[in-house]
Q: 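The structure follows.
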Amino acid sequence: MDNKKLADLLFPDVVNTPEYYEEKYPYRKLPSKAQVTRMAPSPTGFIHLGNLYSALADERIAHKKNGVFYLRIEDTDEKRKVDGAVETIINVLRYFNIEFDEGAGFDENAENNKYGPYFQQQRVDIYHAYVKRLVEKGLAYPCFCTEEELEKVRQKQDAKKILTGYYGEYATCRNMSYEEVFANIKAGKEYVIRLRSQGSPDKEITFKDCIKGEIKLPENIHDIVLLKKDGVPTYHFAHAIDDHLMRTTMVIRGGEWLASVPIHYELFNILGFKMPEYGHTAHLMKFDEETGGKRKLSKRKDPELSLDYYRKDGYHPYCMKVYLLTLLNSNFEEWHEKFPDKDINDFPFSVDKMSQSGALFDKDKLHNICKNELSCLSEYEMYNFLHEWAVEHEPEKCDIWFADKEKMLGILRLYMGIGMKRRRKDFIYARQIFELIAYFFDMEDGQKERDKLGNQTIDKKTVHNILKEYLATYNHDDDNSAWFNKLKAIADKFGFASDMKAYKKEPEKYNGNVSDIAEIVRIAVTGRANTPDLWQIVHIMGQEQMTERITAAIEV
RNA sequence: GGCUCCAUGGUCAAGCGGUUAAGACAUCGCCCUUUCACGGCGGUAACACGGGUUCAAAUCCCGUUGGAGUCACCA
């Protein structure tokens, strides 16, 4: 059959040739080892930790050697599109300090937008030019099979226990004559364009994955769909065209794509493109309670792993980045500990240090990292971070919390251990921080704990007497040690050990020790068993508030 | 089911033919500490199983088992 004639019938409107595009998007002039990477999400508006994980890898690889990291939007599936998704993606990544060099979201005429458009919907002319060429060469053809017909074939193949799919003798539209095609089109039948696969079932391809190493896979034999019935390309075809024309050098993507490398291999091959390097990442996993095993993070089942979740609770983006980096490159953690003052972007990120199997997401580890990283901030950095978070996520309480700047700074200094020999590590994320210090602002806060006083080892009456004694002897002008000496005096009076060493020697001789006295006062004042130095707390909140709290505890 | 990848403590992981099998998180204990933390020291805890190859195997090969991914006009 006359392929040229067929191509013209199918694509009468194509004006530009592949050569035109090759020239329009020349090879990038970059330093010798620079890589061009990309993030290519579909605009569903949902980004989870896995996406960030992978985007961070791409970004590091590109920026490590002055390469390019760009954003392309894979909006070829109408059904999944969500409005505003692109803005969300850019904002979220920006929040985590990951910046693109070019791509979607940049001004169309900007210097760094030479390889656009970056929305696949806007690239259909390009795809068509290349498909037309393939049809001319007899490497692609129209297929009029309906979904029902395909489903029937699939069932038949299933029953015979042979490979399912559109290939070989099952590719019924493969050898349709021009006349038939013409008649079908004339009749208004819908069709897709399929690849005429040149692969052989008993040959295999070998390629080097830069994360997983050498991998052997069978050749592709499927006549996969290149253009869907609406003329929009499938992922596979768009990937080949876009990554070639945008001159991507390294494609880091999820392991779910590994199985389709043979398709991409054939596509790049028949198109005459050089393949980029591939790196297929292991997925972040989650422990599944139901099955008792690991599984891939899923959008459906794990809403708590969406990035919004971390934003809402106010995880500091820097901490998230550090955590992700420790997962991404096994030697990062060691490096970061060795050079705590170096910019984490100076870490020599390397693809081959990336993990082969999926890491279980570990919240304990994340929290530990948060504690450590947050303890390195200054009180002003912390103040700003908390303020920004509160404005957005707790607007009503924000005014109360930040009404008195000096008070807040004082609290932060105290809780962060600023001015002490060593920093404290109480802070994990914004919401947790405000829960920790809520008693400074909310009189009701901690009442539950106060109510419990006297229900444990020490009886209620004793507790109340201790608190009364505390109030009676309290002097707001006492310094820290004078104040503590009074606690000791109370201890002695009630048969508690004021000397820890003596207590340890003969614990049975006492009702308890100063630590117990301090705990009682601590809970009465703050509603918490764990807080920094009580004397300082009392001096931040003031005598009045303290008295009120203790009175409330006694009156229970 | 076919194809592919993976397999070291509870978790993340070093390891590249000879190691007392690192380290981090979690956990437990002790010490420091006038209270809470921080910190310091120490403990418990691992090479999935079975065959080879080798003087020597966590490391190389082959099976088994287990886990994961994928088999669309979704990406």
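In what follows, chains are A, B, ... by sequence order, proteins preceding strands, each numbered from 1.
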Q: For I215(A) and A518(A), take the nucleotide of RNA chain B holding the closest heavy atom to each; which residue's nucleotide lies nearer the 5' end?
A: I215(A)

Q: Less than 6.0 Å separating the ring centroids of H367(A) and Y315(A)?
A: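 For H367(A) and Y315(A), the ring centres are under 6.0 Å apart.
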
Q: P atom, rC16(B) versus rC61(B): distance in rounded Å?
A: 16 Å

Q: Can you check the R522(A) CZ to rU35(B) C1' distance for me, whole Å?
A: 5 Å

Q: Please produce a list of atom pairs where a protein N or O lies less than 3.5 Å from an N or O of nucleotides 57-66 of chain B.
A:
none

Q: Could you work out which one of rA37(B), rU70(B), rC5(B) sits closest to the side chain of L258(A)?
A: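 Shortest atom-to-atom distance from the side chain points to rC5(B).
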
Q: Is there any protein nitrogen or oxygen under 3.5 Å from a nitrogen or oxygen in nucleotides 71-75 of chain B, and what are the pairs?
A:
from    : atom 1 : to      : atom 2 : distance (Å)
rC73(B) : O2     : K229(A) : N      : 3.0
rC73(B) : N4     : C145(A) : O      : 3.1
rC74(B) : OP2    : K228(A) : NZ     : 3.0
rC74(B) : O2'    : D77(A)  : OD2    : 3.1
rC74(B) : O2     : R80(A)  : NH1    : 3.0
rA75(B) : OP1    : T76(A)  : OG1    : 2.7
rA75(B) : OP1    : K228(A) : NZ     : 2.5
rA75(B) : OP2    : Y235(A) : N      : 3.3
rA75(B) : O3'    : E74(A)  : OE1    : 2.8

Q: For rC49(B), does the glycosidic angle fall within 90° of 0 (syn) or outside that (anti)?
A: anti

Q: Can you tell me the Watson-Crick or wobble partner of rA58(B), both distances under 3.5 angstrom?
A: none

Q: With a 4.5 Å limit on heavy-atom distance, are the side chains of H280(A) and I252(A) in contact?
A: no

Q: Rounding to an integer number of angstrom, what distance separates rC60(B) and rC3(B) when you compare their P atoms?
A: 23 Å

Q: Does the structure show a Watson-Crick or G-U wobble partner for rA14(B), both distances under 3.5 Å? Name it, or say none.
A: none

Q: Separation of N368(A) atom CG from rA24(B) atom C1', in whole Å?
A: 8 Å

Q: Can you tell me how far C1' of rG23(B) sits from NZ of K338(A), to the nearest Å?
A: 14 Å

Q: What is the separation between atom CD1 on I437(A) and atom C1' on rA37(B), rounded to the nearest whole Å?
A: 16 Å

Q: How long is the straight-line distance from CG of D242(A) back to CZ of R123(A), given to the nearest 0.5 Å?
A: 4.0 Å

Q: What's G255(A) touching, base or sugar-phosphate or nothing? Going by heavy atoms closer than 4.0 Å.
A: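 Since only primed, P, OP1 and OP2 atoms lie under 4.0 Å of G255(A), the category is sugar-phosphate.
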
Q: Could you name each residue pair satisfying salt bridge (charged side-chain N to carboxylate O under 4.0 Å, His left out) that touches residues 415-427 of chain A, not counting sequence neighbours?
A: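 Sorted pair list: R424(A)-D426(A).
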
Q: Assess the pair Y53(A) and H48(A): is the distance between their ring centroids shorter than 6.0 Å?
A: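 Not under 6.0 Å, so no.
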
Q: Could you tell me if the side chain of L374(A) sits less than 4.5 Å from the side chain of M382(A), heavy atoms only?
A: yes

Q: If I pick the P atom on rG18(B) and the same atom on rA57(B), what distance separates them, to the nearest angstrom?
A: 11 Å

Q: Can N368(A) and D364(A) be counted as having a side-chain donor-acceptor contact under 3.5 angstrom?
A: no

Q: Taking the six-membered ring for Trp, is the centroid-to-centroid distance between F268(A) and H239(A) below 6.0 Å?
A: yes

Q: Indicate yes or no: at least one non-hydrogen side-chain atom of Y415(A) is less than 4.5 angstrom from one of I437(A).
A: yes

Q: Expressed in whole Å, how much space separates the C1' atoms belonging to rU35(B) and rU19(B)?
A: 46 Å

Q: If only side-chain N and O atoms count, and only distance matters, is there a donor-acceptor pair under 3.5 Å linking S498(A) with D492(A)?
A: yes

Q: N329(A) has an atom CG; how far is it from atom C1' of rA24(B), in whole Å?
A: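 Atom CG in N329(A) sits about 16 Å away from atom C1' in rA24(B).
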
Q: So, do R549(A) and T526(A) sit near enough that their side-chain heavy atoms are less than 4.5 Å apart?
A: no

Q: May I ask you to check whether over 12 heavy atoms, not counting those of E334(A), lie within 6.0 Å of atom CD?
A: no

Q: Which part of the nucleic acid, if any, lies within reach of K421(A) when heavy atoms closer than 4.0 Å are counted: base, sugar-phosphate only, or nothing?
A: nothing

Q: Distances under 3.5 Å only, N/O to N/O: pair up the protein atoms with those of nucleotides 38-41 of chain B.
A:
from    : atom 1 : to      : atom 2 : distance (Å)
rC38(B) : O2'    : R423(A) : O      : 2.8
rG39(B) : OP1    : K425(A) : NZ     : 3.0

Q: Could you check K212(A) against L534(A) and say which one's nearest nucleotide on RNA chain B is further toward the 5' end?
A: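 Nearest-nucleotide comparison on RNA chain B picks K212(A).
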
Q: If we ignore angles and hydrogens, is there a donor and acceptor under 3.5 Å between the side chains of T531(A) and Y439(A)?
A: no

Q: Using the C1' atom on both, measure rG15(B) against rG23(B) and round to a whole Å.
A: 12 Å

Q: Now, which nucleotide makes the Watson-Crick or G-U wobble pair with rC71(B), with each of the two distances under 3.5 Å?
A: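 Answer to the pairing question: rG1(B), which forms a Watson-Crick or G-U pair with rC71(B).
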
Q: Given rA26(B), rU35(B), rC36(B), which nucleotide is nearest the side-chain atoms of P532(A)?
A: rC36(B)

Q: In this structure, how many angstroms lie between the P atom of rA24(B) and the CD atom of E333(A), rounded?
A: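 That distance rounds to 9 Å.
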
Q: Is it the case that the ring center of F434(A) lies less than 6.0 angstrom away from the ring center of F440(A)?
A: no

Q: Could you identify the nucleotide paired to rG66(B), looking across every strand shown and requiring Watson-Crick or G-U wobble geometry with both distances under 3.5 Å?
A: rC6(B)

Q: Measuring only the P atom in each nucleotide, how far is rG10(B) from rU20(B)? A whole number of Å is fine.
A: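 My reading of the P atoms in rG10(B) and rU20(B) gives 24 Å.
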
Q: On a whole-Å scale, what distance lies between the C1' atoms belonging to rG69(B) and rC36(B)?
A: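 It works out to 48 Å between them.
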
Q: Roughly how far apart are I466(A) CD1 and E519(A) CD, rounded to 0.5 Å?
A: 11.0 Å

Q: For rA22(B) and rU8(B), measure between their C1' atoms and round to the nearest Å.
A: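 12 Å, rounded to whole Å.
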
Q: Excluding sequence neighbours, so at least two apart, what forms ring-ring contact (aromatic ring centres under 6.0 Å, His included) with Y191(A)?
A: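 Expected list: F144(A).
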
Q: Suppose we define a pair by two distances each less than 3.5 Å, Watson-Crick or G-U wobble; what does rG39(B) pair with here?
A: rC31(B)

Q: Grab the N/O contacts between the protein and nucleotides 13-17 of chain B below 3.5 Å, and write none if there aren't any.
A:
from    : atom 1 : to      : atom 2 : distance (Å)
rA13(B) : OP1    : S355(A) : OG     : 2.9
rA14(B) : OP1    : S330(A) : OG     : 2.8

Q: Do Y278(A) and W257(A) have ring centroids that are under 6.0 Å from one another?
A: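 That pair fails the under 6.0 Å test.
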
Q: What is the distance, to the nearest angstrom, from the CG atom on N220(A) to the P atom on rU70(B)?
A: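 Those two atoms, CG and P, are 17 Å apart.
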
Q: Tell me the interatomic distance from H283(A), atom NE2, to rA7(B), atom C1', rounded to whole angstroms.
A: 19 Å

Q: Just name whichever nucleotide pairs with rC47(B), Watson-Crick or G-U, keeping both distances under 3.5 Å, else none.
A: none

